[in-house]
Amino acid sequence: MTPYHFKSALAGLWKEKWINLLSTLSIAVGLFITTVGLLVVYNVNSIAQKLPDKFSITVYLKDGISQADTQRLQNTIRSNEYVRKISYISKEDALRDLKDSLKDSAYVLEGIDNNPLPASFSIKLRKDYVDPAKVKRFAGQIKAMRGVDDIQYGEQFLSSIQSIMSGARLAGLLFLGALLVGVLFVCYSTVKILFYRKADEVETLKLLGATGWFIRMPFLLEGSLMGFFGGLAAFLAGYGVFDVFLAGFSSSVPAIGYFLVPSALLLSLPAAGLFIGFSGALIALGRIRS
Amino acid sequence: MTPYHFKSALAGLWKEKWINLLSTLSIAVGLFITTVGLLVVYNVNSIAQKLPDKFSITVYLKDGISQADTQRLQNTIRSNEYVRKISYISKEDALRDLKDSLKDSAYVLEGIDNNPLPASFSIKLRKDYVDPAKVKRFAGQIKAMRGVDDIQYGEQFLSSIQSIMSGARLAGLLFLGALLVGVLFVCYSTVKILFYRKADEVETLKLLGATGWFIRMPFLLEGSLMGFFGGLAAFLAGYGVFDVFLAGFSSSVPAIGYFLVPSALLLSLPAAGLFIGFSGALIALGRIRS
Amino acid sequence: MIHFEGVSKVYEGQTALANATFSVERGEMLFITGPSGAGKSTLLKLIYHAVAPEEGSITINGQRTDSMRARHIPALRRNIGVVFQDFRLLSGRTIYENVALAMRIRDAAEAQVKAQVMETLKMVGLRHKADAYPDALSGGEQQRVVIARAIVADPIIVLADEPTGNLDPVTAAGIMRIFKDINSRGTTIVIATHNKDLYANTGRRVLRLDSGAIAGEDRG
Amino acid sequence: MIHFEGVSKVYEGQTALANATFSVERGEMLFITGPSGAGKSTLLKLIYHAVAPEEGSITINGQRTDSMRARHIPALRRNIGVVFQDFRLLSGRTIYENVALAMRIRDAAEAQVKAQVMETLKMVGLRHKADAYPDALSGGEQQRVVIARAIVADPIIVLADEPTGNLDPVTAAGIMRIFKDINSRGTTIVIATHNKDLYANTGRRVLRLDSGAIAGEDRG
Ligand SMILES: Nc1ncnc2c1ncn2[C@@H]1O[C@H](COP(=O)(O)OP(=O)(O)OP(=O)(O)O)[C@@H](O)[C@H]1O
Ligand SMILES: Nc1ncnc2c1ncn2[C@@H]1O[C@H](COP(=O)(O)OP(=O)(O)OP(=O)(O)O)[C@@H](O)[C@H]1O
Ligand SMILES: [Mg+2]
Ligand SMILES: [Mg+2]
């Protein structure tokens, strides 16, 4: 790449600035839409990822179990690879919780003097193990342990988590896949259509004895620069919309405050644009045969 | 429009078929992405619309209220424009519900012989009235009625419905707005870039004495045809993906089965494409000054 | 038919025509000559209003055209057939379609288009190339297509800018015979050329341009 | 320098050159003439390999080029300067850049490019148009830019296709002087033209083509 090629590319961009600007903006729009799509999928996914946090298993202990046995049982369960957190709920805690949940109707419990509720462990699992088959196996193991009376977990909740997560993941991947393929195609065809009218110029350069790379170089530079500036524009638009605009709205609509924007994604847009512009130009020019 | 213009447009499309095909596919991709975006927003919205169904107000009645008074109260409330449905829960129903909700712990209630729970109405509101301010005012009215002991509703649930719905609506509108503007822009600029290289041809036609409409006509036809076929391709792609592909997946991932695809949306794609192609060509050619 | 009165045309500081005054009578055949860059093409462009003058008045067929409204220009141009120096053939259309264009613009009936296009192509010796595209023609063949397009619709004025630059003397003489022929039927013709052979011994008026100025007039 | 042996070129059924055999010696200046569509441009295109022959062998500067590998073609073309009949100027670049292109393709140093381009533009009388774009030039001016581009890099062969079709006799004579000059310094030149004035009384060989066949040879 000589200074000539660089000057030539800049001159080319400038000579037909309006149509080049249009192409650049097309690339920008494509990248911006992809970014929005990525963010939507990313956020849906991160919400789905949080669902397993809400899942817990309750292990009811036999009445009259000794403190030492309770402690031993808790240690055994805690050491299991499935377990992220285990907490002990005494008979008194259980009664208090029940009263709390009955709220205004709590007076129905007033006549009771001996506490009929069992002590229990509440177990939270590691994310990866929140899976119907695994949980069933794990629950079986615990139920067989000495001192355990019964075990309870939301089987329905579990399978709906599963279904929502895999549904969201599949829909997200399909959507993203279609979006990426679509946007790449549109960017590529923008560059291709743009360079189509240069066929005559390419022909003349060939007849003058220019080699393939001499001919390609300014076009590759033009494509790369357009892609880069398109990416930059998408970055600025993304920054403007997400960091400024959404921050403004989130005070009135709190849900928006939870929207996550990984800045690495935005920052990589100019590079992505450059890559698309460069490869678009390369493909658009095709093989240059003399 | 004379047969000449039509033949001329077809010849123009055919002479440079590859680049025209590329433009047509760009329009198809743009329309397809818009369709996917519309469907996502439509579905998120229809889920959000269902949330108010789950909202209810509980009206606790004074102990010892007569059957006639209860009936009168029910009629008064039912006639209110806010109310979609009202159901009566007797003292016995309330106790049974409590027992059901306690499940395994229900034995705590066994010692009780006189039912301390009040009778109540459960009210579902019309969708449009599920709004914090309106509900508060309505609740105030009811509380003032004779025979009403207390009133309870999920103020928190209500404001989170509100927040989710307005959040989803805002995000959806922003996303859709950006998508529509973006896709229209890309379609327009595709046609504009495509016709840019025809500037010379337009100039020659002008010098030969052709009027603006004579010059525009074949281009408008070309643009319309490309847009139409782009829309048709988007329709076929949409039909393929949503009606066939998703139906196949929904057996393994039930959540997908709930995805709604209004067929009017898909069917309008060819017309939308035609409109975009036509207006794109019209704008791209601009004013033709002699 | 054509009257220039003190007409000047300046391109970004470059004077292409300066204070030109001359007339062409109805049915006349006028030659314009002069060195490269003298302003011959500019003078013709002023007649068919491809460029507008900075100064002076231009009257074509009794109508002032120098400050004409844009919407009247197409009608003016349909009265004029032009052999462009740079050809201006549409590369995406066949020879037949290129020539037919001049008639379609004038809303001619399809049968008439076909008859007249084929006859004119025969006159310039290119009937066998009707279905070819311009790229597949030699330089001289392309030039003859441009000539056919200029005359096919029987305009009242024909402007020819270096119409024989790519033609051999024999073919050029054939083209000149065609021009003489349509001229004798009443068409006003203005030919800009370097080729002395075209006007030598014709007795026609020859306008000499030099650096944008009318440097003299004589008879060929 | 150039040797054709039984060369034929057929375009989709149209024979443009049939069984042509001839040679051009190093340092010679050869004229090719013949009616419109005779095959002159085709013959030149075969030399710079814009088209390949269906039959026969072509040898340029001691090298067989008729069935040359695509990747060797650019090097061949860099030995040849061509005045294209249809100009082929790049409309997006200034006159200076259009001419400079021929040197940049040959990787010339920037200082040398500048000196040689300006000198060549001066030779063709267009130094003052260096910064203009092709659209702003008259037909004859454009043609001289093409000539400048063909000779600026001192190629060993110059092919000129109707190089004076848009030039007045005085300017044309100037261009011929330039051709004679570089020819006298050893450059082989082939000129296809209809213009008898170019070769009359030069004593150079003139090849006559007719309908794709070599119809005769004489001296101008
Ligand atoms: N669009 C333009 N912008 C700037 N200058 C122009 C433009 N068109 C023509 N000129 C200049 O105006 C002068 C006259 O040009 P014109 O084309 O009329 O010459 P001409 O007599 O036709 O020459 P030729 O015989 O070479 O065709 C030339 O010097 C040319 O460079
Ligand atoms: N690409 C092509 N496809 C088909 N036919 C062609 C092509 N190029 C040239 N021809 C035909 O080949 C013949 C010779 O063309 P060529 O351009 O060599 O003629 P020429 O002698 O240069 O004529 P001119 O003096 O008019 O420039 C012509 O009849 C032309 O129509
Ligand atoms: Mg001129
Ligand atoms: Mg030729």
Is any side-chain heavy atom of B:Phe185 closer than 4.5 Å to one of A:Leu22? yes
B:Leu194, part contacting chain A, at a heavy-atom distance under 4.5 Å: both
Looking only at B:Gly37, B:Gly182, B:Ser26, B:Ser23, the option with the highest number of non-hydrogen pairs under 4.5 Å against chain A is B:Ser26
Working to the nearest 0.5 angstrom, can you tell me the gap between B:Asp200 CG and A:Asp200 CG? 10.0 Å
For B:Ile19 against A:Ile193, the heavy-atom pair lying closest together: CD1-CA, 3.9 Å
Which answer fits B:Ile27, side chain, backbone, both or neither, if we ask what part of it has an atom under 4.5 Å from a heavy atom of chain A? neither
